[in-house]
There are 4 protein chains.
Amino acid sequence: MNDAPEIGVGMLGYAFMGKAHSNAYRKIAYLTWPPPMVPRLVAICGRDERAVAEAARRYGYERAATDWRSLVADDRVQLFDNGGPNDLHAEPTIAAAEAGKHVVCEKPLGRTAGESHEIWRRVERSGVHHLCAFNYRFVPAVRLAREMLEAGELGEIYHFRGRYLQEWIADPAFPKVWRLDRAAAGSGALGDLGSHVIDLARYLVGEVTSVAGVTRTFVEDREGGHVDVDDAVEAVVEFENRAVGTIEASRFCPGRKNAMAFEINGSKGSIEFELERLNELQVNLTGSTPGDRAQGFRTVLVTEANHPFMEHWWPPGHIIGWEHTFVHELHHLLSCIAAGSPVAPHGATFEDGYRTTEICDAILRSAESGRREAVTYRSTA
Amino acid sequence: MNDAPEIGVGMLGYAFMGKAHSNAYRKIAYLTWPPPMVPRLVAICGRDERAVAEAARRYGYERAATDWRSLVADDRVQLFDNGGPNDLHAEPTIAAAEAGKHVVCEKPLGRTAGESHEIWRRVERSGVHHLCAFNYRFVPAVRLAREMLEAGELGEIYHFRGRYLQEWIADPAFPKVWRLDRAAAGSGALGDLGSHVIDLARYLVGEVTSVAGVTRTFVEDREGGHVDVDDAVEAVVEFENRAVGTIEASRFCPGRKNAMAFEINGSKGSIEFELERLNELQVNLTGSTPGDRAQGFRTVLVTEANHPFMEHWWPPGHIIGWEHTFVHELHHLLSCIAAGSPVAPHGATFEDGYRTTEICDAILRSAESGRREAVTYRSTA
Amino acid sequence: MNDAPEIGVGMLGYAFMGKAHSNAYRKIAYLTWPPPMVPRLVAICGRDERAVAEAARRYGYERAATDWRSLVADDRVQLFDNGGPNDLHAEPTIAAAEAGKHVVCEKPLGRTAGESHEIWRRVERSGVHHLCAFNYRFVPAVRLAREMLEAGELGEIYHFRGRYLQEWIADPAFPKVWRLDRAAAGSGALGDLGSHVIDLARYLVGEVTSVAGVTRTFVEDREGGHVDVDDAVEAVVEFENRAVGTIEASRFCPGRKNAMAFEINGSKGSIEFELERLNELQVNLTGSTPGDRAQGFRTVLVTEANHPFMEHWWPPGHIIGWEHTFVHELHHLLSCIAAGSPVAPHGATFEDGYRTTEICDAILRSAESGRREAVTYRSTA
Amino acid sequence: MNDAPEIGVGMLGYAFMGKAHSNAYRKIAYLTWPPPMVPRLVAICGRDERAVAEAARRYGYERAATDWRSLVADDRVQLFDNGGPNDLHAEPTIAAAEAGKHVVCEKPLGRTAGESHEIWRRVERSGVHHLCAFNYRFVPAVRLAREMLEAGELGEIYHFRGRYLQEWIADPAFPKVWRLDRAAAGSGALGDLGSHVIDLARYLVGEVTSVAGVTRTFVEDREGGHVDVDDAVEAVVEFENRAVGTIEASRFCPGRKNAMAFEINGSKGSIEFELERLNELQVNLTGSTPGDRAQGFRTVLVTEANHPFMEHWWPPGHIIGWEHTFVHELHHLLSCIAAGSPVAPHGATFEDGYRTTEICDAILRSAESGRREAVTYRSTA
């Protein structure tokens with residue numbers, strides 16, 4: 001039965017990510033049973049007083065705030081969840097950690113590798129648990145892929161090709177929003193979409209050692225101002241284990257709604273994944289049965305009882321949705337906090353968040369310099 | 001803001017359907033915003049005292065009960081939700097309605113058309129709102145299909161072919177469970193799976209006027225007893241509007257996890273749907289642009305802002321899961337209760353539940369008699 | 001090297017089937033190497049003198065004729081291939097066989113079971129080789145399915161669901177052509193399309209013992225006259241081995257160009273096939289590896305060196321087209337003739353052609369009578 | 001009727017490409033009707049005397065030869081078709097052209113840009129028709145894509161991502177063949193597979209201006225020697241029209257048989273193509289009907305009467321195969337020769353062949369130098 005301890009949550013942001021995270025906290029309490037800890041929704045913070053008050057009522061937070069410092073100052077908040085815009089990642093997250101709160105921060109961790117490193121370094125030093133919210137690690141099909149890769153079922157890895165395509169600014173009449181502003185967002189499609197692909201590349205294949213890329217801003221002037229971030233990025237990557245591949249991100253792909261996809265080829269087989277069909281994993285296994293004439297990519301519906309995370313949900317074939325990735329992710333974090341165990345390797349730590357931004361920055365440097373750029377990673381020392 | 005009235009819920013059943021419905025009630029309160037009514041989880045009922053107590057703790061019901069009569073007797077319960085086995089549909093549901101509570105009942109409504117008619121007749125007479133939980137009407141893609149059909153976008157309808165295939169008892173070693181027992185379940189694949197297909201046939205195409213079918217019980221003796229229901233059913237159907245088609249249900253289809261699918265062909269186009277990819281609708285429109293060389297089935301990802309139910313969820317391309325059909329369905333019911341408006345046509349009423357069982361019974365009669373059987377429907381008079 | 005004997009071919013029909021068969025004869029000579037026999041294109045026959053003369057020039061026939069009797073009378077013709085309309089199947093085919101020529105006849109063999117039986121009986125008695133041109137048996141994926149089924153790889157068979165959908169007369173403005181005339185064609189979608197499905201059901205699953213069906217003529221009056229055949233047919237079927245399923249055919253399915261598809265479920269697995277992707281077979285094998293988490297339908301691209309018929313063609317992944325089914329089929333026939341070996345079981349004989357029409361007729365009887373009709377088959381005695 | 005002039009063909013090579021081209025010449029004579037010219041199969045040439053003699057018998061060439069010079073010297077040969085290995089492209093092709101024969105040469109044109117330029121320059125100067133056999137331009141779906149792009153149906157182009165993946169040398173036990181030898185082949189996956197993708201990028205999107213790439217040789221030592229070509233290549237490309245994208249080629253992708261695929265995104269829509277389903281084109285059109293809720297990628301089965309090349313084949317839905325691309329391509333060449341019209345833009349000329357190798361060489365230079373390499377093209381001056 002449920003004798004799980006409570007953990008007080010302070011949430012920064014009430015829009016897209018605030019909604020997704022709040023929903024996850026509420027669901028953990030009764031759908032992951034028994035829960036590792038029971039989230040107590042202490043406070044939610046946002047700039048618009050009226051809107052944040054409504055969000056508090058809506059999601060059940062005990063209070064609303066317009067200054068994140070009040071969350072940091074609140075002793076009942078033990079977990080600070082930063083779902084704010086990118087330019088509000090560093091200061092509140094560091095402050096919360098240094099006040100002894102566990103921290104979650106949305107991706108990208110910082111707007112640059114330098115900022116990300118600073119966040120990681122200071123939070124790491126504070127000794128709290130930290131999670132960078134790369135939620136696609138918590139798609140059941142992605143976790144299954146990881147487990148197959150770790151078990152060597154695909155053999156030696158040769159290729160990773162990943163892309164994240166959307167269409168929402170292909171229309172030149174779409175206005176300039178904060179995601180199209182370098183000061184606020186750091187980069188464009190690269191940090192917003194590409195960072196997910198990069199994180200999965202690292203999670204599934206291994207460390208990236210070099211990149212060569214180009215970027216484009218197809219529509220430079222929009223209602224609301226000049227766009228100074230990338231609309232699209234194309235890159236070639238090399239991995240530590242000799243695998244090679246491509247990473248692409250664009251918001252200029254009509255018909256692609258939320259089309260993150262990747263393919264991995266190894267000496268024993270291949271897998272393919274598409275986020276718009278997130279319950280499926282395409283798996284080809286070269287197989288140990290010579291003469292078997294029924295080889296091919298299998299559409300694995302990742303909803304079986306023995307599939308990752310499925311103990312929380314429904315019978316086979318009853319698919320889950322995008323929102324459930326957050327349930328899995330935050331459930332993992334609470335389990336780690338409860339057990340005092342590390343967030344890595346399945347959860348992305350702030351080190352992972354930092355390393356991803358090193359790769360992003362190297363791609364931007366390469367786009368500028370025209371050179372293949374080696375990626376080097378700093379420690380917290 | 002949320003000034004919605006509360007409505008007290010009494011839930012019968014805590015397993016599969018109990019979990020799905022409870023989850024929906026909890027989510028309505030904050031994801032459909034503002035909610036039409038706020039569900040108050042008053043009581044949950046089940047046979048196993050210990051298990052039902054845990055379920056109450058888990059889902060947040062105020063109390064647990066082992067006798068459904070205590071829910072009927074509880075004044076705080078205003079909505080009685082029957083997610084129990086089929087042989088427990090009639091008596092509690094009728095009693096609750098006659099005690100003035102609105103009622104939800106899982107499908108099939110009764111084990112036979114006679115039992116279903118009795119439930120409908122008495123509940124209808126009591127004047128409460130009633131909903132038979134054919135949740136697939138509340139898949140966004142299915143609602144979109146309905147709206148396209150109603151708007152005439154597919155023209156005159158020629159065909160409906162629907163099937164619901166699963167694999168879970170294909171293994172002869174699988175034991176006899178209540179769903180394989182006629183006294184408890186009424187029928188086998190037909191009532192459990194086929195009834196969903198029949199309900200959608202009626203919802204999308206129109207009334208069924210005749211059926212001709214066969215049934216099979218492939219494995220008659222299982223651990224735990226003799227199987228006296230159908231493992232599979234195959235039927236030809238005729239509709240009032242002259243359309244013809246097939247309805248199939250089977251639990252003997254390896255690789256088919258939860259494979260409900262249908263195709264509808266009309267004079268202006270066709271649609272196709274598969275439940276395992278429930279966010280997608282395949283749409284072919286013959287088109288008003290002669291000479292257009294890019295005709296074909298479109299994979300419509302039903303997650304756009306202007307798609308049904310999507311005002312509750314996420315940006316385009318962020319898919320929802322099976323559980324959300326219950327959120328939509330019960331949200332609809334609460335909206336109807338709050339507004340005093342009818343549950344039909346989008347929600348399945350007990351009349352729909354009854355009519356579906358008339359069709360099921362006609363298929364069983366046809367399987368027995370070898371004749372095409374006309375389907376006739378009774379009123380409550 | 002090629003020391004294969006020649007075989008003189010007389011072709012009746014120069015349009016759709018005449019083109020497809022002529023192409024096959026020409027290709028057998030150099031693509032199936034060494035060929036079992038080398039087709040010599042002796043004569044082609046059709047009603048339009050000018051058109052048939054051009055066809056002879058085009059395909060390389062030595063002469064053109066407007067009376068099929070001249071082909072029967074021609075000693076150089078050793079193989080008579082009847083690609084004419086259905087009402088021209090019986091007399092020329094029987095005459096050719098009784099003149100000692102091997103015979104190919106397009107499907108359906110006759111317009112009724114009675115006519116088909118007469119063709120079969122007399123041709124069989126004449127002792128020549130006979131083939132009813134159910135070419136889809138010669139799709140590599142279909143042959144692979146047959147070989148898997150014969151080897152027991154799918155276990156005991158539970159279900160066959162097959163359909164053949166087209167769209168070409170969904171437009172009411174489409175005129176009445178011979179295929180919509182009972183006297184010329186025998187039946188509509190049933191004999192033209194449904195017969196293919198029925199033949200595959202028999203080839204893959206086994207003998208059909210009963211049927212129950214309905215038919216529809218959606219557009220009864222067209223330019224050119226009254227339509228007196230079915231536009232669509234829906235049927236439930238039972239097989240000798242207890243399997244059950246459905247067979248459907250319609251020309252009223254917008255978006256379905258040449259959509260023959262079937263699914264077979266057995267105790268050990270399932271397969272699925274679609275003619276519009278004829279190089280692929282979907283295969284689900286329940287598998288002998290418990291715990292394997294990568295189960296699912298495999299998209300088998302049937303172009304490997306060890307796949308049926310692929311010794312004639314290209315490296316893996318280089319797909320073949322619809323026309324090649326005729327190359328395989330007629331190559332099989334010539335091999336049988338050369339070796340004096342039987343056309344069955346892989347080639348459809350006239351007995352298969354006859355039995356298919358018994359099933360078609362039973363479906364029509366059932367549509368009329370409203371009863372499930374047992375199918376009984378006559379011998380040639 | 002067919003009063004088409006004959007054209008004498010001399011074929012170099014009798015294996016894979018020799019078979020594919022010979023088949024096409026034979027089919028042009030009767031399937032493209034009336035044919036623009038009637039190919040007369042004069043001579044076929046190869047190194048193995050016995051094998052080439054059999055090939056001549058098989059395909060119907062009047063004579064066999066083991067020295068290509070005898071074809072060049074043969075006055076009856078008016079069209080010289082070079083399907084030999086890459087190191088036999090330059091000398092015979094130039095000699096044939098300088099002897100006044102029209103020339104076809106398999107891709108890649110030369111092993112290096114320098115060699116390719118020399119071939120182009122000298123052949124161009126000789127005044128004959130020349131075609132570099134990039135047959136995928138002649139896939140109906142690819143031509144349809146080109147026509148849609150030319151008509152502006154996709155708007156301004158933003159992205160091209162193309163890849164050609166195979167699996168045949170993923171097994172380290174596979175021996176070293178000529179395609180893995182730099183002296184014979186020039187490069188590995190790049191020239192063999194990547195060149196097809198590059199040609200389509202140019203044909204569909206426009207001229208390439210820069211590339212940045214990496215290559216890998218995963219298995220360097222094989223039975224038969226050291227592999228000195230690339231097993232895989234990954235590249236980022238920029239186009240003259242500002243579009244950006246990726247080009248990839250690999251022979252180390254288990255499960256990918258002949259998986260050439262590309263996606264193009266433009267301001268008004270997107271298309272996607274996969275060679276293993278070569279009869280299909282995926283088309284998304286943003287559309288001129290605001291509010292239309294049935295948007296999505298359409299699976300266009302490119303077999304309609306008004307689709308490219310379909311006048312030669314079958315009714316809608318009856319798919320064609322890989323071999324037919326050669327029929328279309330050589331039919332186009334013969335039409336151009338007959339009419340005295342240019343091979344470009346639909347046929348790839350030797351200039352196209354040369355430019356493709358400039359891009360290949362630039363990718364190899366970039367892989368070596370670590371720099372993005374501008375691509376510059378020489379004229380024949």
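Quick note on labels: first sequence line is chain A, next is B, and so on, each numbered from 1.
- Of the atoms belonging to D:R216, it is side-chain heavy atoms, and not backbone ones, that fall under 4.5 Å from chain A.
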- [ ] Report the C-alpha distance between A:E234 and D:H159 in whole Å, list the side-chain angles of each, state the deciding distance to 0.1 Å, and finish with yes or no for side chain to side chain donor-acceptor pair (under 3.5 Å).
- [x] CA-CA 10 Å; A:E234 311 282 341; D:H159 293 296; 3.0 Å; yes
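- Distance check, rounded to the nearest 0.5 Å: OG1 of A:T286 to CG of D:D171 gives 9.0 Å.
- Proximity to chain A is absent for every atom of D:Q282, based on heavy atoms less than 4.5 angstrom apart.
- With a 4.5 angstrom heavy-atom cutoff, A:E263 touches chain D only via side-chain atoms.
- No option in D:V236, D:V211, D:V237 other than D:V236 meets the side chain to side chain contact (heavy atoms under 4.5 Å, CB included) test with A:V214.
- Between the A:R372 side chain and the D:G213 main chain, a donor and an acceptor come within less than 3.5 Å of each other.
- Per-residue counts of heavy-atom pairs under 4.5 Å with chain D were compared for A:A243, A:G155, A:A367, A:S267; the largest is that of A:A367.
- Across A:A170, A:G266, A:A232, A:A212, the residue that shares the most heavy-atom pairs under 4.5 angstrom with chain D is A:G266.
- Contact of the D:P254 side chain with the A:N265 side chain is registered, since non-hydrogen atoms from C-beta on lie closer than 4.5 Å.
- Of the two parts of D:E156, neither the backbone nor the side chain holds a non-hydrogen atom closer than 4.5 Å to a non-hydrogen atom of chain A.
- A cation-pi contact links D:R256 to A:F297, judged by a cut-off of 6.0 Å to the six-membered ring centre and 45° from its axis.
- Classification of the D:F252-A:Y158 ring pair by plane angle, with boundaries at 30° and 60°, yields perpendicular.
- A:L165 touches chain D through its side chain: at least one heavy atom from C-beta onward sits under 4.5 Å away, while N, CA, C and O do not.
- Neither the backbone nor the side chain of D:I264 comes within contact range of chain A; no heavy atoms are under 4.5 Å apart.
- The parts of D:T246 that come within reach of chain A are both its backbone and its side chain, each placing non-hydrogen atoms under 4.5 angstrom from that chain.
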